[in-house]
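Below is one structure; the comments refer to it alone.
Letters go in sequence order (proteins before strands), and every chain restarts at 1. All heavy atoms count here, side chains included; hydrogens, waters and symmetry mates do not.
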Amino acid sequence: MSTTPLEINTPLDGATTSSRASGNPLSSTQITDYDHRQTVGKITVDNPKMTCRGVNVYYGAKQALKNVSLDIGANEVIAFIGPSGCGKSTFLRCLNRMNDTIPGCRVAGEIRLDQEDIYDRSLDVVQLRARVGMVFQKPNPFPKSIYENVAYGPRIHGMVQNKAELDALVIASLERAGLLKEVEKRLEEPGTGLSGGQQQRLCIARAIAVNPEVILMDEPCSALDPIATAKIEELIDELRENYTIVIVTHSMQQAARVSQRTAYFHLGDLIEIGETDQIFTNPRHKLTEDYITGRFG
Amino acid sequence: MPISHDAHTVKQFDIQLANLRNLVLEMGGLVEDQIQRAIQALDDEDLSEAREVVSRDQIINGLQVKADEDCISIIALRQPVGVDLRMIMSLSKAVTDLERIGDEAEKIARMTVKTYDGVSSPPSAKLLRDIAPMAKQATSMLHGCLDALARLDVERAVQVARGDDELDQEFQSALRRLITYMMEDPRTIGHAINVIFIIKALERIGDHSKNIAEYIIYLVKGKDVRHVKTEDLSSAASEPE
């Protein structure tokens, strides 16, 4: 395991240090702005599954995420909230290197999964994404049967020896995703024929079939009705026993309902992080307070 | 963190919150008036005014019901969080205490009617001497906490909460004096018991005012200072969260 030196804030830090030396009054505003955004709350946990330190993300010249550091605890549900463009989805995508696929996107800093640097050059990204699975905003089942949707991952990862093992894994995954009862008699029907909520649970079944350790959810309920949403939320709570879950949501009520810790992002900064209960009753940062109480802009 | 005075994006929410707070302050004003009238009626031996105080308690009860309905409606429709949630919870609790203060005013008025019933001779001045200073302290606490609520003023709230110890001490020494009078002259027992009810009511007004002061500290600071020792109150309320 290599220990890549931290590449924190290289462009900004460089600029501020030199301007500090030259005493440029205009740049000193930048320094204040930079110093100003210090995360409020405890970023560490006792048993971290993932540790992120000084994460900066750039889309070309634009910095989308600024020096974000936080731990994601094992078997916790952590919610990322914040207005559009605050960097929460960008940060989520850093956690399984989905940003690699975006041209012009550059990630600096350090993200570790069980101590292992996930941006290490020797790391197999496909393996990483099996360990850190993802569920998207819109349910996106493959245009295949329900069975094949779930069987696909385990098959390409060579996780099973024979058909019987695969069958068992598919059934177990559908069961865990709370979908089995509804689909067990029609496993050969296309996954796209299910309702939105069922499709999303199918995607969750597909994600857990490869036995991930962390599940990233990017607004998993925003396309669902309240009943389907409630089912997914109940499922998230059950999955927490075996997985670590990171959820990005625009629904603050959802963040409050499902998560144990909440992180609030604003314009690329991690403004505040803390126990969900504290964030929603007594946030410490004014920006958090303004956002959760609906006093924004 | 200073409490946010920025407007909500949804203006209607601001209006509902402002209306609720005004309703509670209106109720507070009425309760304050009731106490003053009850004390004045006692002082003036004015039985019709005392009966008026008793009947006006209904208005306060009505306001309590209305305020609670508004709290529930805002919670159901707006799902308040953060400072909004603390505001609603604090107001809802303050309403309960205000209603009880109203009941204490009613109690004082009833005792006035009982004391000056025209059958027994009126109580001597020495039996009544503790009422005026205690009433002054209790009304000043109530006034202080309503003031603190109107301005969300933590310092003022701490001041009010601190005043309760003083009132409690006054109550204890008044009680000792009354016991002495009763032992010296058992004929005073009837009146002395009425006076005890009155000063107990005043002492309770202090307790309720202190409660309201504590809710205000919670509302502004997000910190629960109930059951914090009076001497630690100031530092507990000023500590950063």
Can you tell me if [atom1] on [X] sees more than 12 non-hydrogen neighbours from other groups inside 6.0 Å?
X         : atom1 : answer
Tyr59(A)  : OH    : yes
Arg100(B) : CZ    : no
Glu241(A) : CD    : no
Asn47(A)  : CG    : yes
Lys136(B) : NZ    : no

Shortest non-hydrogen contact between Leu85(B) and Phe280(A), atoms and distance: CD2-O, 4.5 Å
For Gly82(B) against Pro283(A), the heavy-atom pair lying closest together: CA-CD, 4.0 Å
Min side-chain heavy-atom separation Asp6(B)-Asp290(A) under 4.5 Å: yes
Taking [X] for the side chain and [Y] for the main chain, is one N or O donor matched with an acceptor at less than 3.5 Å?
X         : Y         : answer
Arg295(A) : Thr9(B)   : no
Glu289(A) : Val83(B)  : yes
Asn282(A) : Gly222(B) : yes

Thr281(A), Ile292(A), Ile279(A) screened by side-chain contact (heavy atoms from CB on, under 4.5 Å) with Val81(B), the one that passes: Ile292(A)
Residues forming a salt bridge (Lys or Arg N to Asp or Glu O under 4.0 Å) with Arg151(B), sequence neighbours excluded: Asp147(B)
Inter-residue atom distance Arg86(B).CZ - Thr293(A).OG1, 0.5 Å rounding: 10.0 Å
Contact class of Gln253(A) relative to chain B, heavy atoms under 4.5 angstrom: side chain
